[in-house]
Amino acid sequence: MDKYLVQLNDSQRDAVLCIKGPVMIIAGAGSGKTRVLVHRIVHMLHHGIDPFNILSLTFTNKAAREMKKRISLEAGDESRNLWMGTFHSVFAKLLRVEAPRLGYPSSFTIYDTDDAKNLIKDIVKDQGLDDKIYKPGLVYNRISSAKNNLYSWKEYQDNPELVNDDKTAGKPHLGLLYEIYQKRNFKSGAMDFDDLLFNTYILLRDFPDILHKYQNKFKYVLVDEFQDTNYAQYIIVKKLAAQHENICVVGDDAQSIYAFRGANIQNILSFKDDYPDLKTFKLEQNYRSTKNIVNAANSVISNNKHQLKKSVWTDNADGELIRIIKGLSDNEEGNMVANSIFEEKLQNQLHYKDIAILYRTNAQSRSMEEALRRKGIPYRIYGGVSFYARKEIKDLLSYFRLTVNPNDEEALKRVINYPKREIGKTTLDKIIVAADQENLSLWNVLEKINSIETGINAPTRARISDFVIMIKSFTAQLKTKTAFDLASHIAMSTGLLKELYADKSPEGISHYENLQELLNGIKEFTDKGTTALPAPSAELEADVTLRTLDVFLQDIALVTDGETDEKNEDTVSLMTIHSSKGLEFKYVYLVGMEENLFPSQMALQSRVELEEERRLFYVAITRAEIRLTLSYALSRYKWGNLISCEPSRFITEINPDYLDDQTAVTIRPNSFEKPRNWSDFGKHNSKPEVVVATPGPNFKKIPKPRFAAVSEGAPFEAADPNQTEVGMDVEHQKFGTGKVVTIEGNFPELKATVTFPGIGNKHLLLKYAKLRIIK
DNA sequence: GGAGGCCTCGGAAGG
DNA sequence: CGAGGCCTCC
């Protein structure tokens, strides 16, 4: 037997060996799912299957990276030719080749959710619709789910049910907004995340040659986390696999927790209906957790009606019973959890990184953070704004995007007047109107600014021409310069770097550092060809002789994970249950086990939603290897109001045999802290100075000056702006005294930069800001 | 053009 | 309560 097969149990081995025909692997939590996927691919490679013929799809870049790494350890260099990546990255690569068939440039831009929502906002405004009714997020979600269910805007508008739903909801123009949104995107040469799937589907549906090409390429198709697939993903996979039917899906219906973003659990529940010859393998032995934890999880999930039959078991020790902590307030809950972590770490010689605190909503992190900080316990919160979503990063990237695809409307709007070049909102509005009338992209209008009637005056037109010439000069260097050389050139010649360098406020400094970090990243990419995405197939391999900026952009367009995982640091992990999926920790604290919080009150309407909450609970329980602690509070603040809480029904769904109900009284905080509603002071009352500053919960805040009041009394007489000079000491009504650092512009637009001690630099327009000259 | 006041609204989240 | 969007006033 091959040595890689020896490390597998019987059912794992069966699942690995059966590489022909449709296969479904139901993988219980902690049952070695990734190991099976990895070995299955290694096995295929060892048996002469060409890596070019294997397509392996995941949901996250992280999962793809992890798998690729493990496969290359076992199978060596060959594995780099696998098509392995996220649905979006793989189909984006395909579209780079095939999208011209649909009329898109192969250099199409990928809009992230922010770009998409900004565009929708503009469209809603253009249409004269109320943005309170047509909220960008809502419109985006509606369009997104239409695409995920493979409705084009036309099909959407022709579907009586959808149209009627929208009418009933008082939003009859959603179909129209969908149409305009798609057309604007098309003109901009842009696709959003959902278009990457939708357009792939269209290509496979309408172009038989393309369908056959990829059916023959992908003789073996594997899908990870199959329970998370939406309709579009499922149909694409099915089409691709239709020729050879070597399709292997891996998943766990019990861990389906993404219905709210379009995942269709039916895909896994009824997979057998689509493939009568389906071979199903069940991985039921759990290697992760103690018996008590596994059994507790099983007792919980058995409350769900709709699920595939399986029984997860483990050979591991019984372990500790599941413990429950009760706090009077959310603050006390935090303290008790922090104390417990402190004690457990000492007693069991744990590392902080062995411990996680999981919660249902991000807002719950606050009381935990405060408690951990008080105890001096290092922690790290997962989730948050990704590096590439930061404003300063997106600004510079927008210049890059324009360089590659000048039709990119969202990028253009971001930077046409940043840094300032006196092309303001009025001008932009005129450009948008003209583009609409002439059916051109915004960029096309800019290019022809002197031959199209826009009503823009000559000086502004001249500035626009300068901008166009600048962007064109960047584009001209795209293929002759390395990504780093061009990126630095752009950062400097646009004045963006200088602009941020000039800002010496703490935020400004951090913005500048972030830009430097981006440029460092591009340098690394240029030198080493490091890409965040898995390597594409040889056919799609980019030109490796020169790493250019367009390739860099393509590489990062689909990278959304915020931070680089620094597994080395020893910190307690705080995250939502959703983001804990796929992870494991020796000790897990699941906090906020209260009705209306978990399960969320929004899920109490229907059985289907409650079952998803229960699966979420199942996911949370099964993250724990050694010890699971549940906690709840009897009261907590919600949006400024104190509410009282009841323990979650989910606690009672755990078979009491696995519960240590004594623990509710054994863990006490070091010093008894009054719950906040009893206290004579404010909510976040841990720090004495806040205690003094903040009165009780129902206290109405008295507006207090942000800065110490200066010079009361006589009416404040401002000096003549023309007399203000660099180096002068001046007094400002609000900021106090400061020194004039620079003066720019001509009267009456004189602008001064003044340094106020303890406050920092302020840019003041002298015709507005009243400055009194001191000396 | 930008900072600060005022109002609104609130789930989870990958690409 | 707090973050984010919009409007106003400087």
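Quick note on labels: first sequence line is chain A, next is B, and so on, each numbered from 1. Just the heavy atoms: all of them, side chains too, but no hydrogens, waters or symmetry mates, feed the values below.
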Would you indicate what A/Lys121 reaches in the nucleic acid, counting non-hydrogen atoms under 4.0 angstrom: base, sugar-phosphate, or nothing? sugar-phosphate
Counting just side-chain N and O atoms, does A/Asn417 come under 4.0 Å of either OP1 or OP2 of B/dG1? yes
Is the phosphate of B/dG15 approached by A/Asn61 (side-chain N or O, under 4.0 Å from OP1 or OP2)? yes
State whether A/Asn362 places a side-chain N or O below 4.0 Å from either non-bridging phosphate oxygen (OP1 or OP2) of B/dA12. yes
Just how far, in rounded Å, is P of B/dA13 from CG of A/Asp192? 21 Å
Note: for A/Lys132 and A/Ala363 on DNA chain B, the residue whose nearest nucleotide lies more 5' is A/Lys132
Counting only side-chain N and O atoms of A/Arg366, is one of them less than 4.0 Å from OP1 or OP2 of C/dG2? yes
Between A/Lys391 and A/Tyr418, is NZ or CZ placed under 6.0 angstrom from the six-membered ring centre and within 45° of the ring axis? yes
Examine B/dG2: is either OP1 or OP2 under 4.0 Å from a nitrogen or oxygen in the side chain of A/Lys420? Give yes or no. yes
Between A/Phe193 and A/His88, what is the ring plane arrangement, given parallel below 30°, perpendicular above 60°, and tilted in between? perpendicular
Does OP1 or OP2 of B/dA12 have a side-chain N or O of A/Ser600 closer than 4.0 Å? no
Between A/Gln554 (side chain only) and A/Val551 (backbone N and O only), is there a donor and an acceptor less than 3.5 Å apart? no
Let me know the distance between CD of A/Gln255 and P of B/dA12, rounded to the nearest Å. 20 Å
When the P atoms of C/dG4 and B/dA13 are compared, how many Å lie between them, rounded to an integer? 15 Å
Taking the minimum atom-to-atom distance to the side chain of A/Arg360, which one of B/dG15, B/dA12, C/dC6 wins? B/dA12
Over how many whole Å does the gap from A/Ile643 atom CD1 to B/dG10 atom P extend? 16 Å
Compare the aromatic ring of A/Phe87 with the six-membered base ring of B/dG15 and state whether they stack according to the 5.5 Å and 30° rule. no
A/Lys117 NZ to C/dG5 C1', in whole Å, measures 14 Å
Just wondering, do A/Tyr258 and B/dG14 stack (centres under 5.5 Å, planes under 30°)? no
Mind calculating the distance between CD1 (A/Ile110) and P (B/dG14) to the nearest angstrom? 17 Å
Classify the side chain of A/Glu422 versus the base of B/dG1 as yes if they form a donor-acceptor pair under 3.5 Å and no if they do not. no
Please report the C-alpha distance between A/Arg360 and A/Glu613 in whole Å, then the side-chain angles of each, then the deciding distance to 0.1 Å, and finally whether the salt bridge (Lys or Arg N to Asp or Glu O under 4.0 Å) criterion is met. CA-CA 10 Å; A/Arg360 179 65 178 82; A/Glu613 292 285 300; 2.7 Å; yes
Write down the distance between NZ (A/Lys391) and P (C/dG4), rounded to a whole number of angstrom. 15 Å
CE of A/Met602 versus C1' of B/dG10: gap in Å, rounded? 8 Å
Could you check A/Asp195, A/Asn118, A/Asp408 and say which one makes a side-chain contact (heavy atoms from CB on, under 4.5 Å) with A/Tyr111? A/Asp408
